[in-house]
Colleague: 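Just dropping this structure here.
Whatever order the structure lists them in is the order used to number ligands and atoms, beginning at 1. This is a predicted model, so every value here is computed, not measured. All values below were derived from every heavy atom in this structure, side-chain atoms included, with hydrogens, water molecules and symmetry-related copies excluded. Along the sequence shown, residues carry numbers from 1.
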Amino acid sequence: MKTILVTGSMGQIGSELVPRLRRIYGEDHVIATDIRPPDKEQGPYVQLDVTDRRAFYDTAKRYGADSILHLAALLSARAERDPLLAWEINMGGLLNALETARELNAQLFTPSSIGVFGPDAPKDRTPQVTVQRPVTMYGVNKVAGELLCQYYFLKYGVDTRGLRFPGLISHTAPPGGGTTDYAVDIYFAAARHGGYESYIAAGTFMDFMYMPDAVEAVIQLMEADPSGLVHRNAYNVTAMSADPEMLAAEIRKHIPDFRLHYRVDPLKQRIAESWPDSLDTTAAENEWGFRPRFTLEKMTEEMLAFAGGRNPPEDGPRGNSP
Ligand code: SER
């Protein structure tokens with residue numbers, strides 16, 4: 001049975017991944033950590049600053065972690081406002097995670113992002129392997145992170161794995177400081193106020209995936225047979241490509257008079273325009289069987305139900321059957 005240490009456990013991904021992991025591996029086999037005190041009663045929890053290498057290592061060692069899911073990071077827009085802090089947290093934290101994994105011979109997962117691509121990468125169906133010249137600090141961090149993970153795998157044999165996530169859409173914990181956050185906010189604004197003011201312009205396409213698919217993808221990749229993992233540190237994954245108008249059209253199927261206005265944020269718009277419109281996910285499909293279940297239609301139904309306070313069933317298969 002794995003013992004998994006999770007950093008950034010109260011963030012957008014951790015808030016849904018940790019309960020799922022605890023259901024699979026057992027409450028005491030998942031050690032949640034974050035920089036803040038815990039916000040609710042939960043299983044094993046340690047307050048941890050990932051930039052503190054000694055504390056990182058000591059925590060993992062104390063609990064006998066053989067797997068580390070390193071999620072703590074600043075997202076793109078926040079990183080752009082404070083690039084030095086982003087470097088310290090995103091790179092310093094990852095290096096500490098890698099060193100801890102190397103010393104404890106642990107497996108390591110860390111998310112990469114669509115942010116690794118820049119304006120000179122192909123926009124549509126951006127290939128798994130292509131030019132990666134991001135123009136944001138977040139993107140620079142993520143490219144360097146992919147390379148560092150590869151380096152630790154090649155030099156020390158650390159079992160590093162990773163996914164290039166698109167914008168993740170979820171209802172449990174809000175994202176913070178990202179460029180794709182609008183696609184979460186729009187559902188809450190629709191369900192609660194019937195309208196939304198988008199900071200991303202009409203016609204700006206980015207990739208998205210619903211959180212349950214992201215959570216399953218992490219678990220599936222961590223459990224995958226390593227011999228098949230050619231692109232182990234950074235698989236393109238996504239479920240849908242959309243712009244604000246497409247999200248609004250889907251929302252109007254449930255809330256016909258939903259109003260969408262625009263007040264474009266120049267910083268976030270610039271970041272969004274430098275990213276792909278859609279990713280090619282063939283490598284993830286072929287190498288470990290990636291197959292998301294949620295379409296835009298199904299995700300919209302669930303997001304509006306949650307955002308409006310009507311909970312759809314939480315257990316069992318959801319979305320489109322494979
Ligand atoms: N969701 C992230 C962001 O917007 C991209 O990985 O920063």
Colleague: Answer with yes or no whether the side chains of Q269 and E273 bring together a donor and an acceptor at under 3.5 Å.
Modeller: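 A pair is found: one side chain offers a donor N or O, the other an acceptor, under 3.5 Å apart.
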Colleague: Give a yes or no answer on whether the side chain of R164 reaches the backbone of F117 with a donor-acceptor pair at less than 3.5 Å.
Modeller: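 No: the side chain of R164 does not pair with the backbone of F117.
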Colleague: Quick one: which of A73, S76, A183, G176 has a heavy atom closest to atom 3 (C) of ligand 1?
Modeller: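 Checking each option, the heavy atom nearest atom 3 (C) of ligand 1 is found in S76.
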Colleague: Would you mind telling me if ligand 1 is within reach of the side chain of W275, the backbone, both or neither, using heavy atoms under 4.0 Å?
Modeller: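 Side chain only; the backbone of W275 stays clear of ligand 1.
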Colleague: Is the shortest side-chain N to carboxylate O distance from D257 to R252 below 4.0 Å?
Modeller: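 Here D257 does not pair with R252 in a salt bridge, since their nearest N and O are not under 4.0 Å apart.
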Colleague: Within the 3.5 Å criterion, strictly below it, is a donor on S170 or Q12 matched to an acceptor on the partner's side chain?
Modeller: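 Yes.
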Colleague: To which protein heavy atom is atom 2 (C) of ligand 1 closest, and what is the distance rounded to 0.1 Å?
Modeller: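 Nearest neighbour among protein heavy atoms for atom 2 (C) of ligand 1, to 0.1 Å: T180 OG1, 3.8 Å.
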Colleague: For atom 4 (O) of ligand 1, what's the nearest protein heavy atom and its distance?
Modeller: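 Answer for atom 4 (O) of ligand 1: T179 N, 2.7 Å.
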Colleague: Which of the numbered atoms in ligand 1 are under 4.0 angstrom from any heavy atom belonging to G178?
Modeller: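 Contacts of ligand 1 toward G178, numbered from 1: 3 (C), 4 (O), 7 (O).
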Colleague: Tell me, which protein residue and heavy-atom name are nearest atom 6 (O) of ligand 1, and how many Å apart are they?
Modeller: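 Looking at atom 6 (O) of ligand 1, the protein heavy atom closest to it is S113 OG, 2.7 Å.
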Colleague: Is the OH atom of Y262 crowded by more than 12 outside heavy atoms at less than 6.0 Å?
Modeller: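 It does: Y262 OH has more than 12 such atoms within range.
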